[in-house]
2 protein chains.
Amino acid sequence: MASESPKRPTIYDLARLANASPSTVSAVLNGSWQRRRISQKLADRILSLAQAEGYSANMQARALRRERSGIIGMILPLYDNRYFSSIAQHFEAQARQRGLFAIVACTNRDPEQEREAARMMLAYRVECLVSTGATDPDTISEMCDESGAASINLDLPGHKAPSVISDNREGARSLTDAILDRLAEQPVSGDDILFIGGRAEDHNTRERIAGFTQARTQRGLATSEVDIIPCDYAADKAQAALEAYMRHRPRLPSAMFVNSTISLEGIVRWLQLGGYQLDDMVVGCFDWDPLAAAFHPHLMMVRQSVEVMIARVFEMIDAPVVEKNRCIEVAPEIIGV
Amino acid sequence: MASESPKRPTIYDLARLANASPSTVSAVLNGSWQRRRISQKLADRILSLAQAEGYSANMQARALRRERSGIIGMILPLYDNRYFSSIAQHFEAQARQRGLFAIVACTNRDPEQEREAARMMLAYRVECLVSTGATDPDTISEMCDESGAASINLDLPGHKAPSVISDNREGARSLTDAILDRLAEQPVSGDDILFIGGRAEDHNTRERIAGFTQARTQRGLATSEVDIIPCDYAADKAQAALEAYMRHRPRLPSAMFVNSTISLEGIVRWLQLGGYQLDDMVVGCFDWDPLAAAFHPHLMMVRQSVEVMIARVFEMIDAPVVEKNRCIEVAPEIIGV
DNA sequence: TTAGGCTGCACAATCGGTTGTGCAAAGTGT
DNA sequence: ACACTTTGCACAACCGATTGTGCAGCCTAA
């Protein structure tokens with residue numbers, strides 16, 4: 001679909017039409033004309049001309065000359081999830097509010113795709129790159145450093161750039177507490193909880209397991225290794241892992257700590273196949289989905305404070321200087337208790 | 001967070017280091033060197049130098065000179081929904097495959113925000129702008145035309161640019177048929193269906209209402225105006241609309257045709273508040289959410305073929321010329337029957 | 001009346017690539 | 001040995017803005 005370039009007007013075109021110099025036109029159009037002592041009359045003439053001709057500045061040229069692109073980038077594991085898509089949405093809104101242009105790329109939790117996306121963004125000279133849930137955030141921070149771009153980690157922490165993450169340990173502790181409370185309310189019940197989903201090697205899952213274990217320990221409950229299954233986030237993997245787990249168990253666990261709504265999808269599918277209901281167990285999920293909340297008001301979910309996290313990210317961007325190892329933890333909220 | 005610009009190397013730096021001219025370096029680095037008869041030896045030298053120095057081309061400069069940005073844009077009502085986020089994800093993947101850089105902006109179904117986003121994207125000289133679910137697609141197409149950028153409508157059709165949409169009428173007809181079949185299977189049941197959600201003024205909702213009515217007519221069923229409530233998509237509005245509707249009704253409708261998962265959220269919340277279950281009715285939803293599907297395998301949902309639609313969009317982009325009024329309808333799929 | 005200051009604008013360099021063109025040097029044929 | 005082609009690269013204009021600097025013309029004051 002080749003487009004028939006009708007050539008947008010440039011400052012040179014306007015200069016000719018207004019009988020002025022390109023530099024004057026430029027000054028008028030970018031607002032620096034007062035400082036350059038352009039007369040109000042000429043400024044008005046140029047402005048109305050620009051309006052009439054439908055002028056809009058070529059950002060590539062501006063970026064080149066100013067050595068500032070006005071672009072801010074974000075990499076994301078995926079869009080197709082309420083948590084991450086909400087992050088993207090808030091990020092974009094905040095960027096726009098600051099006159100920055102946001103570009104977002106999703107990289108499927110794949111380190112190579114993450115690097116490739118970062119390369120592209122740096123080639124477009126992003127001023128700052130936010131790595132969300134990156135599997136390899138430090139390499140990305142290094143790439144940014146070499147290019148003179150700022151970088152910030154979101155959701156998963158790194159060592160070579162400041163980070164904003166949820167308070168995973170405390171969130172998991174609270175969720176586990178809530179699960180145990182709910183179990184205690186029930187007439188007949190055990191206190192065994194299956195922890196399922198996530199990646200053993202990622203910081204968040206480790207912290208959540210720590211919080212989970214800690215909450216149990218505080219109540220004098222032991223936690224067995226076999227009841228902790230970080231089988232990755234994907235729904236299919238969670239479903240398969242639960243299938244395997246249940247082959248050696250006589251009955252459902254009393255409760256489950258599901259490490260993301262993506263994993264929850266697999267868990268629920270397995271339950272359906274076995275003729276079980278979600279309500280046959282006490283379930284807590286470290287992640288939030290509004291549709292799931294509507295369907296199951298008693299399903300306990302940890303809702304991470306996306307708005308606050310994004311706000312913290314932009315505070316860092318605005319700050320004159322931030323220590324590389326700064327890590328801000330944002331308290332999540334528990335829904336459905 | 002000011003970043004300490006360590007000045008990335010340019011072709012001029014490399015030229016000095018390689019004892020060659022900038023134009024030669026440029027040719028080597030952008031792959032046109034064979035055509036320019038640069039010797040393999042020199043090319044190798046420059047390439048390894050570029051590697052060593054961590055060179056990457058400044059896309060702003062390239063875009064400026066080539067008068068092609070390599071950027072392709074998309075505007076979206078919102079990210080935070082499985083349908084639209086999936087569109088964004090596929091769009092980005094396809095764009096990347098073609099060496100294009102995708103930028104996506106969400107505009108909250110607000111015509112002013114849509115125009116503003118389009119202005120920004122055109123300022124960055126996007127080569128093509130895809131308007132997804134735009135409330136005012138024609139104005140955007142005009143803006144693109146004036147700027148010499150291609151434009152395509154997705155999800156909602158327009159008149160001034162080619163469109164790719166779901167076959168809403170046929171999808172709604174099939175869904176309504178499925179609902180009626182399901183009702184017929186039940187021992188005691190009515191044949192009244194409440195259509196709820198969407199906007200009366202948008203093309204998709206109108207088509208879906210048409211398909212809905214047509215399916216009923218084909219079975220000899222009349223359809224009353226009062227059973228069609230296009231109360232907008234938002235969950236809260238759907239909830240409020242259902243609340244109002246039910247004030248004058250003695251009992252739940254036998255079935256519901258819910259016009260999006262966003263509206264479904266409100267419907268389910270209302271049901272929960274009234275102590276009802278989703279399974280107390282036959283429900284069909286014109287939209288798909290995998291988590292909802294996991295929870296309610298019998299919930300019938302229309303899954304629009306995002307992959308196919310995006311593929312069609314890129315076929316249009318690749319085509320040498322496409323008629324402005326071309327409108328491709330893609331058949332959706334019915335899940336849960 | 002003239003030096004000095006202010007007003008209002010134009011000039012030209014620059015950002016980092018791309019690309020049409022020119023031109024030596026080397027190679028080929030006779 | 002001479003004309004001709006090919007090889008291999010450099011030169012310079014250009015894309016569209018931004019910005020430091022220069023300089024007429026007018027105003028003001030001594």
Side-chain angles (χ1 to χ4, degrees), chain A residues 5 7-47 50 53-71 122-125 127 147-148, chain B residues 5-47 49-50 53-71 122-125 127 147-148:
Chain A
S5 294
K7 284 310 230 172
R8 310 198 58 157
T10 70
I11 52 169
Y12 298 96
D13 299 323
L14 296 182
R16 202 159 6 81
L17 292 171
N19 247 316
S21 78
S23 59
T24 300
V25 173
S26 169
V28 168
L29 291 172
N30 69 32
S32 70
W33 59 280
Q34 325 251 19
R35 194 159 13 88
R36 284 181 152 274
R37 297 187 312 240
I38 309 293
S39 66
Q40 182 80 51
K41 220 180 87 189
L42 181 53
D44 288 345
R45 188 149 47 90
I46 291 176
L47 283 170
E53 298 290 314
Y55 173 84
S56 97
N58 183 327
M59 296 311 234
Q60 323 286 356
R62 168 174 296 175
L64 181 59
R65 179 58 233 248
R66 284 206 177 143
E67 310 197 40
R68 285 199 56 199
S69 63
I71 302 180
L122 291 171
Y124 276 95
R125 298 301 187 266
E127 297 178 13
S147 298
Chain B
S5 294
K7 286 306 231 171
R8 309 198 58 157
T10 70
I11 52 169
Y12 298 96
D13 300 324
L14 296 183
R16 201 161 5 81
L17 292 172
N19 248 317
S21 79
S23 61
T24 300
V25 173
S26 170
V28 169
L29 292 171
N30 70 32
S32 70
W33 58 281
Q34 325 251 23
R35 191 158 18 86
R36 287 181 150 274
R37 297 189 310 239
I38 309 293
S39 66
Q40 181 79 50
K41 220 179 89 189
L42 180 53
D44 288 346
R45 188 148 48 90
I46 291 176
L47 282 170
L49 211 71
E53 298 289 316
Y55 173 84
S56 95
N58 184 327
M59 296 311 234
Q60 319 288 354
R62 167 174 298 174
L64 180 58
R65 180 57 234 243
R66 284 204 177 145
E67 311 196 46
R68 285 199 56 198
S69 64
I71 302 179
L122 291 171
Y124 277 95
R125 299 300 188 265
E127 296 178 13
S147 298

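Every chain is numbered from 1, with letters handed out A, B, ... down the list of sequences. Keep in mind that what you see is a predicted model, and the values were worked out from it rather than measured.
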| said: For a quick check of understanding: with a heavy-atom distance under 4.0 Å over all strands, which category does Ala27(B) fall into, base, sugar-phosphate or nothing? | reply: nothing

| request: Using only side-chain N and O atoms of Tyr124(B), determine if any of them is under 4.0 Å from OP1 or OP2 of dG16(D). | output: no

| said: Categorize Ala20(A) for me: base, sugar-phosphate, or nothing, with a 4.0 angstrom heavy-atom threshold over every strand shown. | reply: sugar-phosphate

| request: Please determine if Lys41(A) and Asp44(A) form a salt bridge, counting it only when a charged side-chain N lies under 4.0 Å from a carboxylate O. | output: no

| field | Separation of atom CZ in Arg35(B) from atom C1' in dT21(C), rounded to whole Å | value | 15 Å

| Side-chain touch Thr10(A)/Asn58(A), heavy atoms, less than 4.5 angstrom | no

| task | Respond yes when some side-chain nitrogen or oxygen of Ser21(A) is under 4.0 Å from OP1 or OP2 of dC9(C), and no when none is. | result | no

| task | Could you check whether Asp13(A) gets within reach of a base, just the sugar-phosphate, or nothing at all, counting any heavy atom under 4.0 Å? | result | nothing

| So what does Arg37(B) hit on the nucleic acid, given a heavy-atom distance under 4.0 Å: a base, only sugar-phosphate, or nothing? | base

| dC9(C), dG17(C), dG8(D): which one has an atom nearest the side-chain heavy atoms of Thr24(A)? | dC9(C)

| message | Contact between Thr24(A) and Arg36(A) at the side-chain level, heavy atoms closer than 4.5 Å - yes or no? | response | no

| said: From CD1 of Ile11(B) over to P of dT19(C), roughly how many Å is that when rounded to an integer? | reply: 12 Å

| Rounded to the nearest Å, what distance is computed from the CG atom of residue Asn58(B) to the C1' atom of nucleotide dT18(C)? | 13 Å

| remark: Among the nucleotides dG16(C), dC9(D), dA17(D), whichever has the atom closest to the side chain of Arg65(A) is dA17(D)

| Separation of atom CH2 in Trp33(A) from atom C1' in dT18(D), rounded to whole Å | 18 Å

| query | Of the candidate nucleotides dG17(C), dT19(D), dC9(D), which contains the atom at the shortest distance from the side chain of Arg66(A)? | reply | dT19(D)

| field | Flag side-chain contact, heavy atom, 4.5 Å: Trp33(A) against Gln40(A) | value | yes

| remark: When rounded to whole Å, the CZ to C1' distance for the pair Arg8(B) and dC15(C) reads 15 Å

| Tell me, do Ser56(A) and Arg125(B) make a side-chain contact under 4.5 Å, heavy atoms counted? | yes

| task | May I have the distance from Arg36(A) (atom CZ) to dC6(C) (atom C1'), rounded to whole angstrom? | result | 16 Å

| message | Within the 4.0 Å heavy-atom criterion, would you say Ser26(B) contacts the bases, only the backbone, or no part of the nucleic acid? | response | base

| query | What nucleotide, of dC9(C), dT18(D), dG20(D), holds the atom closest to the side chain of Arg62(A)? | reply | dT18(D)

| Taking OP1 and OP2 of dC9(D), is either one under 4.0 Å from a side-chain nitrogen or oxygen of Ser39(B)? | yes

| field | Side-chain heavy-atom pair Leu47(B), Leu29(B) within 4.5 angstrom cut-off | value | yes

| query | For Leu29(A), which contact category applies under a 4.0 Å heavy-atom criterion: base, sugar-phosphate, or nothing? | reply | nothing

| message | Just the rounded figure in Å: distance from P of dT19(C) to CZ of Arg68(B). | response | 11 Å

| query | Within this structure, what is the CD-to-C1' distance between Gln60(A) and dA17(D), rounded to whole angstrom? | reply | 11 Å

| request: On DNA chain D, check which nucleotide each of Ala61(A) and Tyr12(B) is closest to and give me the residue with the more 5' one. | output: Tyr12(B)

| said: Categorize Thr10(A) for me: base, sugar-phosphate, or nothing, with a 4.0 angstrom heavy-atom threshold over every strand shown. | reply: sugar-phosphate

| note | Considering only heavy side-chain atoms of Ser23(B), the closest of dG20(D), dG17(C), dA10(D) is dA10(D)

